[in-house]
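What's counted below: heavy atoms across the whole structure, side chains too, no hydrogens, waters or symmetry copies. None of these values were measured; they are calculated from a predicted model. All ligand and atom numbering here is 1-based and tracks the order in the structure.
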Amino acid sequence: MQIFPRSLNMLPAIVAVGGALLGGVVVGGLWYYGTPKHLQVGYAPRQPVPYSHRLHAGVMGMDCRYCHANVERSGEAMIPPTQTCMNCHSLVRTDSARLAPVRASWQSGNPIPWVRIHRLPDHAYFDHSVHVSAGVGCVSCHGRIDQMDVVRQDQSLSMSWCLDCHRNPGPNLRPRDQVTNMDWRPDPAQPVQPARSVQPPTNCSGCHR
Ligand code: HEC
Ligand code: HEC
Ligand code: HEC
Ligand code: HEC
Ligand code: HEC
């Protein structure tokens with residue numbers, strides 16, 4: 001006597017195939033929706049003002065810290081307020097159409113809606129000041145910003161990328177006063193003396209707190 005109808009013989013196969021399809025859709029969906037655009041190398045969104053790092057940091061040679069003033073002191077590097085731009089642009093190019101949104105922000109008091117490029121997921125902890133004070137240069141993580149008219153993400157910012165350096169930070173360390181110098185190259189004759197003893201975390205709780 002048959003307890004289950006014959007048609008149920010196919011059930012395990014249907015479940016297996018259906019499960020595989022569903023699994024594929026779920027993984028694909030997580031991958032598609034779960035990977036934020038801003039964690040992709042090359043992500044370079046259009047900004048509300050055509051501000052150029054190549055002009056200001058490259059040609060004019062402004063130090064990164066003039067605008068990203070918090071980078072040595074706190075976790076966040078900070079995007080400069082409109083006031084920082086107006087230090088010069090209340091005198092320079094005052095009738096430029098490209099600067100109209102800057103003047104509008106200055107008059108209204110509303111910040112310029114810059115589009116964020118680099119952002120880690122909330123479950124990963126990152127602090128700029130620790131890295132900069134250990135002697136890791138901006139260029140190691142952001143590339144040649146001083147040559148970019150539009151900022152684009154240069155490195156993957158993935159977990160394995162963080163760990164590659166944490167396991168062997170030595171080649172990425174430079175003298176403390178060269179952290180913003182995009183042209184600095186190590187001199188084989190003069191090995192870098194680390195600013196302090198440096199031990200980046202490789203245990204999970206170091207970055208997932
Ligand atoms: C005159 C001010 C100024 C200077 C100098 C400056 N920046 Fe910026 N930076 C900005 C502004 C404004 C933005 C936001 C708009 C954009 O992304 O272009 C920005 C964005 C960035 C971003 C992307 C932030 C994000 O959204 O993820 C990085 C990285 C960066 N700057 C690094 C640097 C480095 C490195 C230097 C020095 C070589 C530097 N900046 C010099 C004003 C400045
Ligand atoms: C230290 C002075 C200084 C600061 C601070 C500064 N700029 Fe400039 N900026 C200049 C100069 C000088 C030029 C013009 C260069 C030239 O004549 O080609 C310029 C050009 C520009 C232009 C191109 C204007 C045009 O008509 O082509 C834009 C856009 C601009 N800056 C945006 C900004 C923004 C946004 C900030 C703030 C994050 C800022 N600047 C901060 C000095 C400065
Ligand atoms: C060890 C790698 C590393 C170094 C060195 C580094 N950054 Fe970053 N930067 C990042 C990461 C990762 C983010 C995204 C942080 C987040 O989402 O919490 C970021 C974000 C930023 C942002 C966006 C705003 C913010 O504060 O998060 C700016 C601006 C910036 N960096 C500028 C700089 C400048 C200027 C320097 C050099 C003085 C520098 N960075 C050095 C990895 C680095
Ligand atoms: C180019 C090298 C380099 C890269 C890339 C890098 N780090 Fe680090 N990290 C260091 C160094 C050097 C230190 C300093 C260790 C010390 O002070 O002993 C450090 C320290 C840290 C610390 C411990 C300090 C603290 O704030 O508690 C954390 C957390 C950290 N890094 C997170 C990250 C994350 C997350 C990423 C990737 C998004 C990353 N790092 C990418 C070199 C790097
Ligand atoms: C040096 C910093 C660092 C250390 C150490 C670290 N992680 Fe991560 N981890 C990250 C960063 C940054 C991300 C986000 C990267 C991304 O979204 O691409 C991440 C993402 C993850 C994710 C989410 C993966 C995803 O696709 O979103 C998991 C799970 C994870 N880490 C587990 C671990 C475990 C387990 C350990 C210990 C064996 C560990 N991490 C150690 C930095 C670190």
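Proximity to Asn203 (heavy-atom distance under 4.0 Å) selects the following atoms of ligand 5: 5 (C). Every atom of ligand 2 is numbered from 1 in the order shown, and the set under 4.0 Å from a heavy atom of Arg98 is 25 (C), 26 (O), 27 (O). Here is the list of ligand 4 atoms found below 4.0 Å of a heavy atom in Gly206: 29 (C). Listed by number with element, the atoms of ligand 2 under 4.0 Å from a non-hydrogen atom of Thr84 are 5 (C). Atom numbering of ligand 5 starts at 1 in the shown order; those under 4.0 Å from a heavy atom of Cys204 are 34 (C), 35 (C), 36 (C), 37 (C), 38 (C), 39 (C), 41 (C). In the vicinity of Met62, heavy-atom distances shorter than 4.0 Å reach the ligand 2 atoms 1 (C), 5 (C). Numbered from 1 in the order shown, with element, the atoms of ligand 5 that lie under 4.0 Å from a heavy atom of Leu163 read 5 (C). For ligand 5, the atoms lying closer than 4.0 Å to a non-hydrogen atom of Thr202 are 5 (C). Annotation for ligand 4: atoms under 4.0 Å from non-hydrogen atoms of Gln199 are 15 (C), 16 (C), 18 (O).
At the shortest separation from atom 35 (C) of ligand 4 among protein heavy atoms lies Tyr125 O, 3.3 Å. Atom 17 (O) of ligand 4 has its closest protein heavy atom at Arg196 NH1, 2.5 Å. Considering only non-hydrogen protein atoms, atom 12 (C) of ligand 4 sits nearest to Val198 CG1, 3.5 Å. For atom 42 (C) of ligand 2, the closest non-hydrogen atom of the protein is Met60 CE, 3.3 Å.
Between Arg144 and Asp183 there is a salt bridge, with a side-chain nitrogen of the basic residue lying less than 4.0 Å from a carboxylate oxygen of the acidic one.
Looking at Pro50, Ser96, Gly61, it is Ser96 that brings a heavy atom closest to atom 25 (C) of ligand 2.
At distances below 3.5 Å, at least one donor-acceptor pair connects side-chain atoms of His208 with backbone N or O atoms of His123.
Considering backbone and side-chain atoms together, Ser158 places no N or O closer than 3.5 Å to any N or O of ligand 4. Considering backbone and side-chain N/O atoms, Arg209 comes within less than 3.5 Å of an N/O atom of ligand 4.
Nearest approach of Arg65 to Val179, heavy atoms of both residues: NH1-CG2, 4.2 Å. Nearest heavy-atom pair across His166 and Pro201 is ND1-O, 2.7 Å. Scanning all heavy atoms of the two residues, the minimum distance from Pro80 to Trp114 falls at O-NE1, 4.3 Å.
Under 2.8 Å from atom 8 (Fe) of ligand 2, one finds the following protein N/O/S atoms: His56 NE2, His89 NE2.
Gln178 contributes atom CD, which lies 13.5 Å from atom CG of Leu173 (distance to the nearest 0.5 angstrom).
In this structure, Cys67 has no heavy atom closer than 4.0 Å to ligand 2. At least one heavy atom of Pro121 sits less than 4.0 Å from an atom of ligand 5. Residue-ligand proximity: Met86 is placed with every non-hydrogen atom at 4.0 Å or more from ligand 2.
His208 contributes atom NE2 as its closest N/O/S atom to atom 8 (Fe) of ligand 5.
Checked against a 6.0 Å centroid threshold, the rings of Tyr66 and His68 do not count as neighbours.
Under 4.0 angstrom from ligand 4, there are no non-hydrogen atoms of His118.
Any protein N/O/S atom under 2.8 Å from atom 8 (Fe) of ligand 4 was counted, giving 2 altogether.
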